[in-house]
Undergrad: 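Below: one structure in C-alpha cells.
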Amino acid sequence: MRSPDLPADSLPWLPFLLQTSDALFPTGAYAHSLGFEEIVRLRVVSDETSLGHFLHQQLLPALAGLELPTLRFAYDCDSTDDLLLLDREISAWKLARETREASAQLGTRRLKALQSIHPSPLLADFAHAIRSGHVLGHHLIVCALQARIEAVPLPAALTVYAYQSLAACCGAALKLIRIGQDGCQRVLRNASAAIPGAVASSMEVARADAGSFNPMLEIASMRHAHATERLFIS
C-alpha cells in the first residue's frame, strides 16, 4: 500500500536540521575523539565487536542518563539565567580538562556557524555571555539553541544528537583500529537501533536525577592529555 504523501510544509525544520547535523557543518568535530583514542590505547576497543560493545555499554547509557536529559533541560529553559546556570553545571561535571575544553570549542564553533546562517537574538545573547566570560558555551547548550530557533521538535533534536555522538565515535574508530567502512556501518546501524529507547529513557529523567558514572571515560580523557603521540586534539 502506498503511503500517503506528507504536505510539503509539514517538516519545515528538517532541511535546517540536516544542514546543521551534517559533517560539512564547520564545528571541527573531526579533530576530537573525546577520550576514545585513549580507550583504544587501553585495549577496551580493538575491533568491530568491541566497538559495538563500547557504544552499547558505555556511550548509550551516558547519553540516556546525562547528555540527552541535559539537552532537554536546555531546550526547555525559560530564562537566560537558567541557561547560563546549566552551562556552568556542564563545566562542573566534565571533570577532564580536555573534554571540557573540547565541548566549549565545539560549542563556540557551532554557534559562530549558526549565527552566519541564521542570525537570532537568542544566539546573540548566548554569544555575548561567552565573550563576557560568564559561561564557556558548551556544545550541548548550542545544540539546544539551534533546535529552538528553528522550532525543531525535541524528539528530533535528541535523536540527531545521539546519532552524531555514535557516528563521531565510529568515525574516530576508522582511524584508530582495524575496521573498514562496512564494519563501521554495521556497528553504527546496530547501535542506532537503540537510539529511540535511549531518547525515551532520557525524557523520564528529572533534573535532580540526571547523571552518569563512568570513571573509565574520564580517566581516558585525562590520560590522553599526557600521551606522547596523538591523532586527535582530545
Side-chain angles (χ1 to χ4, degrees), residues 18 21-71 93-103 105-106 109-110 138-140 143 158-202 211-234:
L18 292 173
S21 60
D22 189 85
L24 185 64
F25 201 65
T27 63
Y30 66 88
H32 300 272
S33 76
L34 300 177
F36 185 70
E37 183 170 359
E38 197 64 29
I39 291 293
V40 171
R41 195 189 306 273
L42 292 169
R43 304 296 293 173
V44 176
V45 173
S46 59
D47 55 19
E48 182 177 334
T49 299
S50 55
L51 175 60
H53 289 161
F54 177 77
L55 295 186
H56 281 280
Q57 297 171 9
Q58 309 291 339
L59 196 53
L60 279 165
L63 285 168
L66 181 58
E67 294 195 48
L68 295 182
T70 302
L71 179 55
W93 54 254
K94 287 187 178 293
L95 300 179
R97 178 183 56 81
E98 265 199 3
T99 305
R100 187 168 57 251
E101 291 178 354
S103 174
Q105 187 177 92
L106 293 173
R109 287 185 176 180
R110 179 175 290 276
H138 285 289
H139 192 231
L140 269 171
C143 286
L158 296 174
T159 298
V160 165
Y161 183 88
Y163 176 82
Q164 285 182 303
S165 299
L166 297 176
C169 194
C170 288
L174 277 172
K175 301 176 182 178
L176 295 168
I177 65 175
R178 294 178 64 86
I179 186 172
Q181 293 278 2
D182 289 346
C184 267
Q185 289 301 318
R186 285 191 294 268
V187 170
L188 184 57
R189 173 68 187 95
N190 186 266
S192 294
I195 289 178
V199 169
S201 295
S202 75
S212 175
F213 181 69
N214 191 337
M216 183 178 67
L217 296 178
E218 299 292 349
I219 290 170
S221 292
M222 292 175 185
R223 284 172 59 105
H224 186 264
H226 301 283
T228 55
E229 69 278 339
R230 307 188 304 185
L231 287 177
F232 295 91
I233 297 174
S234 69

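All values reported here derive from a predicted model rather than from experimental measurement.
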Undergrad: Rounded to the nearest 0.5 Å, what separation is found between the OG atom of Ser221 and the CZ atom of Arg223?
TA: 11.5 Å
Undergrad: Mind listing the closest non-hydrogen atom pair of Leu174 and Cys184 along with its distance?
TA: CG-SG, 3.6 Å
Undergrad: Can you check whether Leu55 reaches Cys170 side chain to side chain, under 4.5 Å on heavy atoms?
TA: yes
Undergrad: Under 3.5 Å, side chain of Ser201 to main-chain N/O of Ala198, donor-acceptor pair present?
TA: no
Undergrad: Closest approach of Ala173 and Ile179, non-hydrogen atoms and distance?
TA: O-CG2, 3.6 Å
Undergrad: For Gln181, I'd like to know if atom CD has over 12 heavy atoms of other residues, nucleotides or ligands within 6.0 Å.
TA: no
Undergrad: Tell me, do Phe54 and Cys169 make a side-chain contact under 4.5 Å, heavy atoms counted?
TA: yes
Undergrad: In Å and rounded to the nearest 0.5 Å, what is the NZ to CG distance from Lys94 to Leu34?
TA: 7.0 Å
Undergrad: Quick one: pull up NE2 in His139 and CD in Glu67 and give me the separation to the nearest 0.5 Å.
TA: 10.5 Å
Undergrad: Are the side chains of Gln58 and Val44 in touch, meaning some heavy atoms are under 4.5 Å apart?
TA: no
Undergrad: Kindly indicate whether the side chain of Ile39, heavy atoms from C-beta on, has any atom under 4.5 Å from the side chain of Met216.
TA: yes
Undergrad: Sub-3.5 Å donor-acceptor pair from the side chain of Ser165 to the main-chain atoms of Tyr161, do we have one?
TA: yes
Undergrad: Measuring from Leu176:CG to Glu38:CD, what's the distance to the nearest 0.5 Å?
TA: 10.5 Å
Undergrad: Measuring only between side-chain heavy atoms, which start at C-beta, is Phe36 closer than 4.5 Å to Val40?
TA: yes
Undergrad: Say you draw a straight line from CG of Asp47 to NE2 of His53; how long is it, rounded to the nearest 0.5 Å?
TA: 9.0 Å
Undergrad: Which pair of heavy atoms, one from Ala96 and one from Met222, lies closest together, and at what distance?
TA: CB-CG, 3.9 Å
Undergrad: If only atom types and distance count, is the side chain of Arg100 paired as donor or acceptor with the main-chain N or O of Leu95 below 3.5 Å?
TA: yes
Undergrad: So which atom in Ser212 and which in Leu66 form the shortest heavy-atom distance, rounded to 0.1 Å?
TA: CB-CB, 4.0 Å
Undergrad: Mind jotting down which residue pairs meet the salt bridge (Lys or Arg N to Asp or Glu O under 4.0 Å) criterion with at least one end in residues 159-177? Sequence neighbours excluded, please.
TA: none
Undergrad: Heavy atoms only: give me the nearest Ala191-Leu60 pair and the separation to one decimal.
TA: O-CD1, 4.0 Å
Undergrad: Under the criterion side chain to side chain contact (heavy atoms under 4.5 Å, CB included), which of Pro69, Pro196, Ser202 is the partner of Leu158?
TA: Ser202
Undergrad: Let me confirm one number: the NE2-CG distance from His138 to Leu71, rounded to the nearest 0.5 Å.
TA: 14.0 Å
Undergrad: Measuring only between side-chain heavy atoms, which start at C-beta, is Leu166 closer than 4.5 Å to Ile195?
TA: yes
Undergrad: Give a yes or no answer on whether the side chain of Arg110 reaches the backbone of Thr27 with a donor-acceptor pair at less than 3.5 Å.
TA: no
